[in-house]
Amino acid sequence: MYTTWGTATDTGRVRTLNEDALLALPPVFLVADGMGGHEAGDVASRVVVEECSVLVGRTSVTIEDVQDCFERAVARMHDLLGGRSGGATVAGAAVAMHEGAPYWLVFNIGDSRVYRHSADGFGQVSVDHSVVQELLDAGQLSEHEAVGHADRHVVTRALATDSSFEPDYWMIPVAPEDRLLVCSDGLTDELDDAAVQRLLATETDPQAAAEALVAAAVSAGGRDNVSVVVVDVATVWNHLGSTDLTNDNDTTVSRDEHVAVVWDEQKHGITQPRTARGGPR
């Protein structure tokens with residue numbers, strides 16, 4: 001399966017340290033939001049990214065692969081943080097295969113989120129592990145009341161040194177029109193779903209969409225770190241028109257007959273596009 005993607009992150013207007021970390025290289029795309037402050041939350045989120053980066057370059061991954069990465073990450077957190085408390089919420093999606101067909105393997109632990117924008121509409125795939133979500137599920141809180149609830153940032157699950165962890169996983173068939181959004185709660189604290197959907201629908205390029213979402217969240221208040229990964233199912237454009245690559249088993253980025261665009265460098269938390277002349281690889 002071919003994918004294109006874009007990423008952006010910002011410390012925000014209030015925080016002095018960015019405790020978010022992200023990974024956006026096929027076949028895995030994720031955001032880790034650190035908890036525990038300086039030399040704890042930032043360490044935890046970085047460790048998650050480092051451990052999950054061993055999946056980069058594979059054509060697909062399994063639930064067991066992702067779970068193994070999480071287990072190694074928690075073990076390293078214990079080693080690095082000693083007796084200090086620290087951890088991270090994690091949300092993401094990876095390319096998986098089931099009976100020869102491509103699937104999104106969506107995973108989540110905490111209140112970072114994964115959304116899907118497709119021909120069928122827009123909606124949140126992941127389910128928050130938070131006190132507010134439990135109150136919503138129990139019918140003790142309305143959606144309107146949840147927005148400003150005092151416990152809206154209290155999570156009930158995380159990859160952390162002081163608790164066991166239990167991620168949720170979903171296997172979703174890939175559709176040619178799919179666009180996934182992976183984000184930390186710094187985005188959803190500032191923008192409602194309607195604003196997020198509008199930006200995803202307006203910006204056709206995934207890098208432009210990621211940057212627009214982060215800029216909008218910072219402009220709306222930027223009270224927390226904001227990190228975003230936008231992933232599209234890619235289409236190859238050539239002189240014969242477009243070609244759907246959904247059922248191809250390889251994972252790469254978009255290309256055309258004149259310019260190969262490869263997102264392979266990360267700088268200041270943003271995956272920078274690098275354009276290579278000479279046609280498709």
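Everything numeric in this text was worked out from a predicted model, so none of it was measured.
Considering only residues two or more places apart in sequence or on other chains, E39 meets the side-chain hydrogen bond (donor to acceptor under 3.5 Å, both in side chains) condition with none of them. Partners of V43 by side chain to side chain contact (heavy atoms under 4.5 Å, CB included), not counting sequence neighbours, listed by chain and number: R46, V47, L80, L81. By the side chain to side chain contact (heavy atoms under 4.5 Å, CB included) test, V106 pairs with A93, W104, V114, V125, W170, I172, sequence neighbours left out. Contacts of R116 classified as side-chain hydrogen bond (donor to acceptor under 3.5 Å, both in side chains), with partners at least two apart in sequence or in another chain: D178. The ring-ring contact (aromatic ring centres under 6.0 Å, His included) check on H98 picks up Y103, with sequence neighbours excluded. For N108, the side-chain hydrogen bond (donor to acceptor under 3.5 Å, both in side chains) criterion is met by no residue, not counting sequence neighbours. Taking the side-chain hydrogen bond (donor to acceptor under 3.5 Å, both in side chains) definition, one finds that R84 meets it with nothing, sequence neighbours left out. Under the side chain to side chain contact (heavy atoms under 4.5 Å, CB included) criterion, A215 pairs with no residue at all, not counting sequence neighbours. In this structure, the side chain to side chain contact (heavy atoms under 4.5 Å, CB included) partners of T156, at least two apart in sequence or on a different chain, are H129, V131, E134.
The side-chain heavy atoms of W5 and Q207, taken from C-beta on, include no pair separated by under 4.5 Å. Side-chain atoms of V31 and V90, non-hydrogen and from C-beta on, never get closer than 4.5 Å to each other. Counting heavy atoms from C-beta outward, Q67 and C69 have side chains that stay 4.5 Å or more apart. When side chains are defined from C-beta on, I63 does not count as touching V66, because their heavy atoms never get closer than 4.5 Å. For the pair V48/M77, a side-chain contact is recorded, criterion being any heavy-atom separation below 4.5 Å from C-beta on. Under the 4.5 Å side-chain criterion, counting only non-hydrogen atoms from C-beta, L55 is in contact with D65. Proximity of E166 to I109: side-chain heavy atoms (C-beta onward) are nowhere separated by under 4.5 Å. With a 4.5 Å cut-off on side-chain heavy atoms, S60 and P27 do not count as touching.
Between F70 and Y169, the angle of the ring planes stays under 30°, which puts this pair in the parallel group of the 30/60° scheme.
Legend: salt bridge (Lys or Arg N to Asp or Glu O under 4.0 Å) pairs involving residues 180-194, not counting sequence neighbours, sorted by first then second residue: E190-R223. For residues 2-25, the set of pairs meeting the salt bridge (Lys or Arg N to Asp or Glu O under 4.0 Å) definition, not counting sequence neighbours, comprises R15-D224.
Using modelled atom types, one finds a donor on one side chain and an acceptor on the other under 3.5 Å when comparing S112 with T89.
By the 4.5 Å side-chain criterion applied to Ile, Leu, Val, Met, Phe, Trp and Tyr, Y115 is assigned to a cluster that also includes F122, L181, L187, L191, V196, L199, L200, L213, V214, V218, V226, V228, V230.
Scanning all heavy atoms of the two residues, the minimum distance from A24 to V229 falls at CB-CG1, 4.1 Å.
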Practice prompt. Apply side-chain hydrogen bond (donor to acceptor under 3.5 Å, both in side chains) to the pair N225 and T9, showing each step before the final yes or no.
Written response: CA-CA 7 Å; N225 308 147; T9 187; over 6 Å; no

